Structure formats: structure tokens, C-alpha cells
Amino acid sequence: MMKTEFFDIIESTNTYLKNHPDLCDRRAVVAKKQTAGRGRRGRSWISPEGGNVYLSVAFKVDFETEKAPLTGFGAAVAAVEAIEEYCGIACGIKWPNDIVADGRKLCGILCELTEKDGQYYAICGIGINVETAPQGEGITAIALKELYAEASAAEFTERLLNKLENINITKVICKYKKYCLTIAKEVKIISPDGEYEAKATDVAENGNLIIEKNGEKISINSGEVSVRGIYGYC
Ligand code: BTN
């Protein structure tokens, strides 16, 4: 069992772990509510109390730091497998690491690198809509409860923590590709320099998305761009 702390309310489980005085490999923190939940690309993650799950796990980076984002890919695979085992629902991954069921987002992952006393850690934060999915214009979200009426945040948390404890980033991409819904899709790439359309063809060993545009192969990094499906959310 991982060293796990539970909170009713916290600013952000990722922020908490980043500043933890005793940060160590596979330390976890779980909260019922976050007051300053953070999403990818500077967005916020609305985190009300009411049966959704907000948790983070620290992974010691005892490999090249450039590979640290692979822990986020490992966390995505862990989440898909935990959901499948818990309720028999098959879901997929929208690159890089949104968990999608029935064409809607069920779970978001924020993976951040932090350093403490010369040691790097990847902090993987996961937010799962168990009871309620956020509503609003432009939001395509789903809650686990819509797919599995008995879904319980506490039970699912236990299952997910168990999967996360056993993440192994070597060979993770091979597993990841089985679940990745972005491969072979027409996508819109939204980068700081503008938007363009391309076909996603593969995911490289370092987690980059390989796209083809006018016959040219381009490798794109998850930190730099946002990807949307042209014919749907993913
Ligand atoms: C995204 O899809 O943009 C990623 C969302 C990640 C949200 C989780 S909730 C637990 C952890 N703490 C945070 O502040 N963010 C992550």
C-alpha cells in the first residue's frame, strides 16, 4: 500500500505534493474537494465536493528526466485498466492523457515535474468524474455513474491507487497505443503559432504524437499543443 494522505478539502493535490516536506516515491494524496484544482495548459479543474475523485501520486524519476512525461501515459493506462476492472466499461485515451468513454471526457490527468534536493519527481494528478460531470458550453464530459449506477468514489479510488502503485514506464507506450483513440484520426492541431489540420498516425516511444501533413511526418510534444478531433471530441 502506498503512503496515502486523505483530505476533505485541499487547494490542489498536485500543489500539495509538490510542496511536500517528505516527498518520496509513490506517495499519494486524495481529496474530496479542491479549491484551486489545476488542469493542463494553465486551465483550472473545477473540483466541487460530491463524490468525484481528485488524487495525485509522486513518482521518483530514476531515469532520464526527458522521459518523465511517460509517467502521465502510464497513469492514463492505469486509469483505463482500473475503470475496466472496476465496472467492465471499456474506455480509451485521447492523446496525450484524457480518458474518454462514449465520446466524452471522464477523467483528466496533469503530470508535472518537480525537484527536491536534487531528485526529480513526476507528480501525476488525476481528476475523475465519478458522480457528476461538469456542464457548460464547449464541455463534453461524462460521469462514471452514467455508465455504472453503483459507482462509488471510495471503491474506485482504492482500485486506481492500486494500479498507479504498479506503473512501470518501460514499454508503457506499447500498452498505451492499444487504448489511444487519436491514432488514425483526422485532427486539428492548436499550437501557439496557429491551427492546422493533419492526420494522427502514431505515438512515438517518447510519447510524442506523430502526425502527417501534406505527406510530411511531424512529431509533436504534448506540452506544446492541444489536439481536437475534427469529427467529434476525439
Ligand atoms: C486536464 O484534463 O486538464 C487535467 C486535469 C487534472 C485534474 C487533477 S484533479 C487532481 C490533481 N490536482 C490538480 O490540481 N489537478 C489534478
Side-chain angles (χ1 to χ4, degrees), residues 1-61 68-83 86 91 93 96-100 105-117 119-134 139 141-145 151-167 169 222-223:
M1 177 65 181
M2 287 191 279
K3 277 188 184 166
T4 308
E5 289 169 79
F6 293 88
F7 289 88
D8 283 340
I9 180 167
I10 202 167
E11 182 190 345
S12 148
T13 53
N14 263 41
T15 310
Y16 177 79
L17 267 186
K18 270 182 156 179
N19 300 322
H20 202 288
D22 190 19
L23 193 56
C24 61
D25 191 36
R26 320 242 164 179
R27 177 180 272 284
V29 50
V30 180
K32 288 189 180 155
K33 170 183 173 157
Q34 295 184 122
T35 54
R38 293 183 291 109
R40 288 181 63 236
R41 309 177 61 70
R43 288 181 298 234
S44 59
W45 184 261
I46 312 295
S47 313
E49 183 162 1
N52 286 349
V53 174
Y54 316 106
L55 63 83
S56 302
V57 179
F59 297 93
K60 189 174 177 183
V61 178
L70 287 177
T71 51
F73 290 76
V77 170
V80 167
E81 291 181 347
I83 294 164
Y86 178 58
C91 40
I93 306 168
N97 41 33
D98 283 355
I99 309 304
V100 174
K105 181 161 168 173
L106 179 60
C107 162
I109 297 179
L110 173 68
C111 186
E112 301 179 293
L113 190 65
T114 191
E115 189 247 48
K116 186 153 192 276
D117 304 328
Q119 174 61 58
Y120 283 96
Y121 292 88
I123 312 281
C124 282
I126 309 186
I128 307 117
N129 307 324
V130 177
E131 294 276 342
T132 45
I139 300 179
I142 190 167
L144 199 55
K145 203 119 201 187
S152 128
E155 278 173 21
F156 180 67
T157 298
E158 200 182 318
R159 181 83 56 145
L160 180 59
L161 286 175
N162 189 274
K163 284 276 169 203
L164 290 168
E165 185 171 14
N166 295 304
I167 282 183
I169 66 144
S222 59

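Here, residue 1 is the first one in the sequence, and each next residue gets the next number. Since the structure is predicted, the reported quantities are computational estimates derived from the model, not experimental observations.
Here the straight-line distance linking atom CD of E5 with atom CD1 of I10 works out to 7.5 Å at 0.5 Å rounding. Summarising the geometry, atom CZ belonging to F73 is positioned 12.5 Å from atom CD1 belonging to I167; distances are rounded to the nearest 0.5 Å. For the atom pair CG of L144 and CD1 of I128, the computed distance is 8.5 Å after rounding to the nearest 0.5 Å. Remark: S12 OG to L110 CG distance equals 7.5 Å, nearest 0.5 Å. For the atom pair CG (L160) and CD (E155), the distance works out to 13.5 Å, reported to the nearest 0.5 Å. Distance check: M2 CE to L55 CG gives 8.0 Å after rounding to the nearest 0.5 Å.
Salt bridge present: K145 and E131 bring a charged side-chain N and a carboxylate O closer than 4.0 Å.
Inter-residue side-chain proximity for I93 and I99 is flagged as met; some heavy-atom pair is nearer than 4.5 Å. Side chains of T157 and V130 form no contact here, defined as non-hydrogen atoms less than 4.5 Å apart. Annotation: side chain of R26 is not in contact with side chain of L164 (no heavy-atom distance under 4.5 Å). Between N129 and P134 the shortest side-chain heavy-atom distance falls below 4.5 Å.
Around CD of E158, the count of heavy atoms belonging to other residues, nucleotides or ligands within 6.0 Å does not exceed 12. More than 12 non-hydrogen atoms from other residues, nucleotides or ligands lie less than 6.0 angstrom from OH of Y16.
Scanning all heavy atoms of the two residues, the minimum distance from N14 to G125 falls at OD1-CA, 3.0 Å. Between A153 and G51, the shortest heavy-atom distance links the atoms CB-O, 3.3 Å. In plain terms, the two heavy atoms of N97 and A76 that are nearest each other are CB-CB, 3.7 Å. The shortest non-hydrogen separation linking C111 to A122 is SG-CB, 4.3 Å. Listed here is the closest heavy atom pair of V80 and C91: CG1-O, 3.7 Å.
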TODO: Go through the steps to decide whether D25 and F59 satisfy the test side-chain contact (heavy atoms from CB on, under 4.5 Å), and finish with yes or no.
DONE: CA-CA 5 Å; D25 191 36; F59 297 93; 4.3 Å; yes
- [ ] Please assess I123 against L23 for the test side-chain contact (heavy atoms from CB on, under 4.5 Å), listing each intermediate value before the final yes or no.
- [x] CA-CA 10 Å; I123 312 281; L23 193 56; 4.3 Å; yes
Task: Residue pair V57, I126: steps toward the side-chain contact (heavy atoms from CB on, under 4.5 Å) verdict - done: CA-CA 9 Å; V57 179; I126 309 186; over 6 Å; no
Open item on the list: I'd like to know whether R27 forms a salt bridge (charged side-chain N to carboxylate O under 4.0 Å, His left out) with D22, so could you lay out the CA-CA distance, the side-chain angles of the two residues, the decisive distance to 0.1 Å, and finally the verdict.
Closed with: CA-CA 9 Å; R27 177 180 272 284; D22 190 19; 3.3 Å; yes
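Not a single donor-acceptor pair under 3.5 Å links the side chain of D98 to the backbone N or O of G108.
Looking at residues two or more places apart in sequence or on another chain, you find no side chain to side chain donor-acceptor pair (under 3.5 Å) involving D117. Applying the side chain to side chain contact (heavy atoms under 4.5 Å, CB included) criterion to Q119, with sequence neighbours excluded, gives K60, Y121. Judged as a ring pair (Phe, Tyr, Trp, His ring centres under 6.0 Å), and not counting sequence neighbours, the contacts of Y86 are Y148, F156. Every residue meeting the side chain to side chain donor-acceptor pair (under 3.5 Å) condition with T13, not counting sequence neighbours, appears here in chain and number order: Q34, S56. Every residue two or more places apart in sequence or in another chain that forms a side chain to side chain contact (heavy atoms under 4.5 Å, CB included) with E49 is listed here: K32, K33. Take R38 and apply the side chain to side chain donor-acceptor pair (under 3.5 Å) test, not counting sequence neighbours, and it matches T15, E112.
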